[in-house]
Amino acid sequence: MQSTISATTTKKPARNVNDAFASHFAKSMFLTVAGIAILVFIGTRMFTHIDLNLYGYMVGTIVFLGGFFYRFIAWGERPPTKIMIKKGLKLLFRKSTPKTAVNHLAIYDFIRNRGLYRWVQHILIGWGCVLACLVTFPLVFSWMYFTMEENGYYTIVLFGMNVMKVPAEGIIAFFSYNALNIAAIMVTAGVCMALRRRLKNMQARAEQKFMYDFLPLYLLLIISVTGLLLTVQNVFLHGWMQPQMSLIHQFSVIVTLIYLPFGKLAHIPFRPMSIFARNYREHYGEQEMKKCKVCGDHFVSVEQSNDVIQVLSTNEMEFNMKDGFNLAELCLPCRRKYRIARFSGFATHQVKVKEANQNARG
Amino acid sequence: MKKRLYLELENCIGCRSCLAACTQCGGHEQRNRNYVYDVNPLVNRQTMPLMCLHCVNPACARSCPAQAIQIHETGAVLSALVEKCIGCQNCTIACPYGIPKFDTEQNLMYKCDLCIDRSKDGIPPMCASVCPSNTLQWLTDEEIEAKQKHFTLDNGKWVTSMPYLEGDTNVKVNLPGILQGVTKLF
């Protein structure tokens with residue numbers, strides 16, 4: 001009886017918070033802007049400590065968020081990306097995650113293996129930018145500011161709380177004033193190294209394009225140099241032309257922010273995916289490995305083989321062979337030999353001989 | 001004039017010049033991305049080269065979660081962008097020909113990019129430049145058509161596409177005469 005009723009009456013769809021939003025994009029945008037607004041409300045002690053000098057950056061950040069969500073939501077809808085994000089999130093709390101995260105996001109182990117020079121330049125640019133962001137955005141949204149109640153002592157206020165009182169001439173204060181200068185010097189040095197490599201290295205020269213490879217470097221350079229000039233103007237020139245330079249600096253930062261999700265710099269917000277990928281391979285590799293249908297070697301996890309077959313089928317690609325296997329079920333040497341077999345008419349992949357050396361350097 | 005890489009498989013003499021040349025291309029970081037296989041290693045010395053065939057609809061790029069594999073306007077399927085590749089190796093599983101190579105230390109996939117710095121300006125890729133036996137050639141579509149007439153085959157078996165490959169490719173492959181039912185004269 002119960003079942004007939006539910007079958008005849010139209011089932012009321014369950015209420016879902018997502019119904020309140022026109023799109024994934026609208027939801028992400030709303031939640032993020034609302035989150036920032038709340039944090040600003042707390043950080044500024046109910047909007048009493050907003051640094052309006054930095055108002056342009058605030059607007060720039062909101063525009064950046066629009067581009068950021070547009071780019072990354074579109075990207076996350078691709079079938080392989082969707083699978084990787086879903087399974088990556090599920091496997092996020094593996095024991096190896098912190099180690100992988102440090103390797104991939106903090107010390108860039110894999111870049112060191114691509115060359116020491118590139119690693120040094122990447123460390124300088126990467127950490128310079130991170131440091132600059134950690135200082136800039138809290139200041140822009142007034143999550144962090146300084147007050148001086150007692151002469152000679154600054155109070156550092158973080159999210160509306162008095163965190164500590166430091167002497168204005170002390171070491172902590174020094175690093176607070178100069179954090180952006182240090183970041184700018186790091187980025188400038190890193191960018192100069194990168195530019196040098198791009199001008200000297202024949203391999204880099206073969207592939208690089210102005211818009212993709214040089215433009216982000218120039219943008220970072222303009223930001224760093226104008227930022228350093230602001231300090232120079234304040235310290236040595238009594239603030240001569242400082243307001244103008246401040247606008248140029250602001251403009252360059254906002255252009256870079258808006259550009260960020262669409263060019264080479266898009267790899268920054270995107271890089272944590274490599275941790276997902278590593279966890280995905282480690283976890284499913286431990287569970288069950290796929291045996292090559294021809295030689296029996298374990299070459300990939302069963303899960304990944306199935307995922308790839310499924311992703312390809314959503315793209316209407318089915319590599320099911322008449323010989324009774326899918327190509328994704330063959331290890332790489334066997335798959336190559338199988339193609340030679342198709343070309344030659346002789347079953348090369350069935351010959352029990354190890355693949356000949358394919359490395360030209362021996 | 002747009003030119004293509006064109007393979008006449010049975011010309012291969014197994015000298016592996018193409019592998020050596022591949023290492024010397026700008027952007028290849030001295031690692032070759034192509035292969036040479038013995039067809040029947042225990043019986044004779046016939047070899048055949050295998051390299052990326054630059055699919056029109058590449059499975060590697062379709063399976064890449066990071067959009068690291070880009071397709072050049074010439075149709076070449078490029079090697080993974082170093083800053084985007086996340087090292088998941090989906091591409092190596094997806095490729096129907098088993099072409100992409102993976103460097104675990106650098107956490108980076110690399111594959112044939114048809115020497116894009118050369119071929120985008122109409123210069124043949126390194127492998128085709130050095131091949132001494134005309135196995136790898138760099139030809140216009142008209143020249144490939146002329147070849148087709150030269151072989152005078154009307155059985156649909158001349159240049160491989162389906163059923164010998166898994167889809168349409170930018171690199172054209174001429175099947176060995178044995179499969180076409182003819183003896184080729186050179």
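All figures in this text were calculated on a predicted structure; none of them were measured in a lab. A, B, ... follow the sequence lines: proteins, then strands. Residue 1 opens every chain.
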Please flag which part of A328(A) lies under 4.5 Å from any non-hydrogen atom of chain B: side chain, backbone, both or neither. both

Does the side chain of E166(B) come within less than 4.5 Å of M321(A)'s, by heavy atoms? yes

Walk me through it: do L50(B) and R339(A) pass the test side-chain contact (heavy atoms from CB on, under 4.5 Å)? CA-CA 8 Å; L50(B) 186 65; R339(A) 190 54 45 186; 4.0 Å; yes

Under the side-chain contact (heavy atoms from CB on, under 4.5 Å) criterion, do M48(B) and F343(A) qualify, and how do the steps go? CA-CA 9 Å; M48(B) 282 183 188; F343(A) 285 158; 4.0 Å; yes

With a 4.5 angstrom heavy-atom cut-off, which part of F299(A) approaches chain B: side chain, backbone, both or neither? side chain

Taking S274(A) for its side chain and I86(B) for its backbone only, find out whether a donor-acceptor pair lies under 3.5 Å. no

K264(A), part contacting chain B, at a heavy-atom distance under 4.5 Å: both

Using a heavy-atom distance cut-off of less than 4.5 Å, which residues of residues 123-133 of chain B contact chain A? none

Counting a contact as any heavy-atom pair under 4.5 Å apart, which residues of residues 102-109 of chain B contact chain A? E105(B), Q106(B), N107(B), L108(B)

To the nearest 0.5 Å, what is the distance between NE2 (H28(B)) and CD (Q203(A))? 9.0 Å

Within residues 67-78 of chain A, which positions have a heavy-atom distance to chain B below 4.5 Å? R71(A), W75(A), R78(A)

For chain A, find its close neighbours in residues 30-42 of chain B: heavy-atom separation under 4.5 Å, sorted by number, or none. Q30(B), R31(B), N32(B), N34(B), Y35(B), V36(B), Y37(B), D38(B), V39(B), N40(B), P41(B), L42(B)

Nearest 0.5 angstrom please: L332(A) CG to K101(B) NZ, how far? 10.5 Å

Minimum heavy-atom separation for F319(A) and A94(B), please, with both atom names. CE1-O, 3.6 Å

Side chain, backbone, both or neither: which part of I93(B) has a heavy atom under 4.5 Å from chain A? both

Rounded to the nearest 0.5 Å, how far does CD of Q304(A) lie from OG1 of T92(B)? 6.5 Å

Point-to-point distance, once rounded to the nearest 0.5 Å, from CD of E10(B) to OG of S344(A): 11.0 Å

If I measure from the heavy atoms of chain B, does H104(A) come under 4.5 Å with its side chain, its backbone, both, or neither? side chain

Does the pair F346(A) and V43(B) meet the rule for a side-chain contact (heavy atoms from CB on, under 4.5 Å), with working shown? CA-CA 12 Å; F346(A) 174 80; V43(B) 174; 6.0 Å; no

When rounded to the nearest 0.5 angstrom, what is the spacing between CD in E83(B) and CZ in F270(A)? 9.5 Å

In terms of heavy-atom pairs under 4.5 Å with chain B, which of M84(A), E207(A), R114(A) leads? R114(A)

Donor-acceptor contact below 3.5 Å, side chain R62(B) vs main chain L312(A): no

Taking side chain as everything from C-beta outward and backbone as N, CA, C, O, which of these in A66(B) sits under 4.5 Å from a heavy atom of chain A? Side chain, backbone, both or neither. both

Heavy-atom proximity to chain B below 4.5 Å, by part of Y212(A): side chain

Heavy atoms only, distances under 4.5 angstrom: which of I116(B), N57(B), D113(B), I99(B) has the most pairs with chain A? Name it, please. N57(B)

Check each atom of C18(B) against the heavy atoms of chain A and say whether the ones under 4.5 Å are side chain, backbone, both or neither. neither

N/O donor-acceptor pair under 3.5 Å between R335(A) side chain and C95(B) backbone: yes

When only pairs under 4.5 Å are counted, which of E355(A), R112(A), R278(A), K337(A) shares the most heavy-atom pairs with chain B? E355(A)

Turns out that what part of L78(B) lies under 4.5 Å from chain A's heavy atoms comes down to neither

Side chain / backbone / both / neither for C64(B) at chain A, heavy atoms under 4.5 Å: backbone

Could you tell me the separation between the CD1 atom of I309(A) and the OG atom of S63(B), rounded to the nearest 0.5 Å? 12.0 Å

Residue part contacting chain A, namely of T23(B), when any heavy atom lies under 4.5 Å: side chain

Chain B contact via M317(A) - side chain, backbone, both or neither, heavy atoms under 4.5 Å: side chain

Around atom CD of E316(A), are there more than 12 heavy atoms from other residues, nucleotides or ligands closer than 6.0 Å? no

